Structures are given as C-alpha cells and as structure tokens.
Amino acid sequence: MIEIENLSKIYDGQTVVENVSLKVPAGSITTVVGTSGSGKTTLLRMINRLVEPSSGTIRVNGEDNRAMAPHELRRRIGYAIQGHGLFPHRTVFENIATVPRLLGWRRTRIYEKVHSLLELFQLSPADFSGRYPHELSGGQQQRVGVARALAAEPSLLLMDEPFGALDPIIRAKAQDDLLTIQRQLKTTILLVTHDMEEAFQLGDRIAVMHAGRLVQYAKPEAILRHPASEFVSSMVGSVERPFRLLSLGTVNSLTEPGEAQGDAFFESLSQRDALARLLWEGRDAAPVVTENGERAGRVTLARLIQSASEAG
Ligand SMILES: Nc1ncnc2c1ncn2[C@@H]1O[C@H](COP(=O)(O)OP(=O)(O)OP(=O)(O)O)[C@@H](O)[C@H]1O
C-alpha cells in the first residue's frame, strides 16, 4: 500500500507537484496520466526517494519512506523506467540479477528467477543471458528493464512508461504478463503512462494530473461516467468514451436467455471485442458460452450499444 499525503515538490520557486494526496491500496494498480510536465515522474520518484519532497509524507506499507536509507528503500521497491536504465557494462543476466544478488539470494534461486523472467518476456535465456544492453533492440532493453524491476518480487512496483518503446503486439503481451504477475504476487503498482488504452486496461484506479495537481483519482468507470472537469474529459478522450466503457466489462454481465446463430462468444470476452465482432460479422446477436463451453445464453447488439451509452 502507498499512502501519499499533502505531497509537494518545489523547484526554484516553481511548484511542480502541489499538495497531492492519494492512496494505492495493497495489491492494486493505479495508472497515472496527465499532460506533459504535469509532475507524474516527479510524483513517482518521490516514493523511492530519487527526489526528496518539499513537504508532505509518503508511507509505504504503513511505514514512512524516510524511516529507512534511500538505497534500502530502493531495494524493496521495483522501479522500471522508459529509458530502461540498464547497466551498460553488465550482461542481461547480471542486470536482472542485480537486486536478488544484493539481497543475498542463493545462486540457484537467482538463476531460476532470471531464466523464468526471460522466458516470460520471450527472450530465450540461451540467446540473451550473456548479451550486453547495446546488443539489444530498444524493445528488448525495455523488457529486460521490466524483468529487472520484477526480479526480487517486490511488493511495490513503480513504473514510468515501461512499455513505451514496444510494438503493439509485444506491448499487449507485456501488459498481459504484467497483469498475470501482478495477480500472482499481489504486487501494488503505480504506473505512469501516456497511453490512455494502457491506463484503462491496467488501472484499477486512474490518477489524472494537471499542472502539478491531482485533478481526479477514481476507478476507470467513474472517470468515464463522471469526469471531474472538462480537462479530465478531454484527457480520457470524450469520443472514445463509449468504447472505453465497453472495454471495462465482459459479455458475462450482458448475457440474456435466448438463442442466436453462429460462433459463440466466451463470457469473458470484453464487451468492446464482442461489439466489434458482431459489427464485423454483420450479426445482431451471438450465443454465449462459459469457459467450460456450457451454453449461457446470448448477447445482442442492442444490449451492447445500450451498455456503451452513458446511462449503461
Ligand atoms: N530536477 C529538476 N529541476 C527543475 N525542474 C524540474 C526538475 N525535474 C523536473 N522538473 C520540472 O518539473 C515539472 C514536472 O516534471 P515531470 O517530469 O514530473 O513531468 P511529467 O508529468 O512526468 O512529464 P512528461 O509526461 O513530459 O514525462 C516540469 O516542468 C519539469 O521541467
């Protein structure tokens, strides 16, 4: 859990983070969005004390983050950044093994961990373990950066545009992998992104920053249905709103009794994907089945369209 209270940062008389308070509950993901220069990175870096706040407090799992030495704190908190920040003179293996080594893990445990992370991020250990960062593409470096941040299984992970340089396919995979790992390990994550799709896909809550202030902090659906201001509304994309709302729900909650023709949808399919498929296939309904393949009913185009409207 992260508890931030009345946090401010002033550089040369200019307030870049202004009186921000927010709580990231344990085991949840908060995504941070906002205009360029709104203070997102500064906010993140005050948590692991790469930047010292001008005022305010931060508690990490109940403990004031000033209670321990900064290097100690940073060992406990995973940190993945856009420029990946890999050590140039260390191999991929050594980069990922950095914190586990500092924590004194046994060699076999480190070896297994590094290999499983490389496999997870689709970097064959035999091929990549011994390479140096300059021998990797930007996207590969980025995956190694995220793997390094996850290596010691931190309870808290700070991520600053971690998937920025990835192509859409690897990016979607990396996001899915992150969610899988997060659910397995119950990691608490604060992730800065410019990508609204990513913010909505990954965030249990979304924090919207503007000119150093936190202008809204709420669950994705609340941000879409009740944006706190014009700014928030334009930030999250007013035109995209119906599709984003649909992407938050699954077919399951819209399934009704009845028959329909054609291929069935799994009830875990997102409402957005269901709408896209019905439109593309020219159908006005599809059968719905459970994950075990049992018939659950049908979902109609009309019901999906109704779900996409503000009234839901
Ligand atoms: N070390 C520093 N000294 C002076 N000003 C700084 C320093 N670091 C950041 N700033 C200023 O603080 C403001 C917030 O910067 P920050 O990097 O937190 O914004 P951001 O929201 O992450 O931006 P972006 O989306 O462009 O990455 C900017 O105006 C920036 O110029």
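Residues: numbered from 1 along the sequence shown. First listed ligand is number 1; within each ligand, the first listed atom is number 1. Just so it is clear, the model here is predicted, and its values are computed rather than measured.
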Looking at Tyr111, I'd like to know if its OH atom is crowded, meaning that more than 12 non-hydrogen atoms belonging to other residues, nucleotides or ligands lie closer than 6.0 Å. no
My question is simple, although I want it checked carefully: is atom 31 (O) of ligand 1 less than 4.0 angstrom from any protein heavy atom? no
To which protein heavy atom is atom 26 (O) of ligand 1 closest, and what is the distance rounded to 0.1 Å? Ser36 OG, 2.6 Å
Determine whether the side chain, the backbone, both or neither of Val51 has a heavy atom under 4.0 Å from any heavy atom of ligand 1. neither
Does Glu259 pair with Arg295 as a salt bridge, N-O distance under 4.0 Å? yes
Near Gln261 CD, under 6.0 Å, is it more than 12 heavy atoms from other residues, nucleotides or ligands? no
Surrounding CZ of Arg213 (heavy atoms of other residues, nucleotides or ligands, distance under 6.0 Å), is the total greater than 12? no
How far is atom 27 (O) of ligand 1 from its nearest protein heavy atom, and which residue and atom is that? Thr41 OG1, 4.1 Å
Going by an N to O cut-off under 4.0 Å, is there a salt bridge joining Asp177 and Lys173? yes
Answer yes or no: does an N/O atom from Lys40 fall short of 3.5 Å to an N/O atom of ligand 1? yes
Neighbour count above 12 (heavy atom, 6.0 Å) for Glu52 CD: yes
Which of the ligand 1 atoms, numbered from 1, are nearer than 4.0 Å to a heavy atom of Ser38: 19 (O), 20 (P), 21 (O)
Would you mind checking which non-hydrogen protein atom is closest to atom 8 (N) of ligand 1, with the distance to 0.1 Å? Tyr11 CE1, 3.5 Å
What part of His194, side chain from CB on, backbone N/CA/C/O, both or neither, has a heavy atom under 4.0 Å from ligand 1? side chain
Can you find a non-hydrogen atom of Gly34 under 4.0 Å from ligand 1? no
Taking side-chain contact (heavy atoms from CB on, under 4.5 Å) as the criterion, tell me which of Leu156, Ile77, Thr30, Asn61 meets it with Ile2. Leu156
May I ask you to check if ligand 1 and Gly37 share an N or O to N or O distance below 3.5 Å? yes
Counting both backbone and side chain atoms, is some N or O of Asp12 under 3.5 Å from an N or O of ligand 1? no
Under 3.5 Å: N/O of Val16 near N/O of ligand 1: no
Go through ligand 1 atom by atom and flag the ones less than 4.0 Å from a non-hydrogen atom of Thr35. 21 (O)
Run down the list Thr42, Thr193, Thr15 and name the one with the heavy atom closest to atom 15 (O) of ligand 1. Thr42
Considering residues, nucleotides and ligands other than Asp284, do more than 12 of their heavy atoms fall under 6.0 Å from its CG? no
Can a donor-acceptor pair be found, under 3.5 Å and without considering hydrogens, that links the side chain of Thr98 to the backbone of Glu94? yes
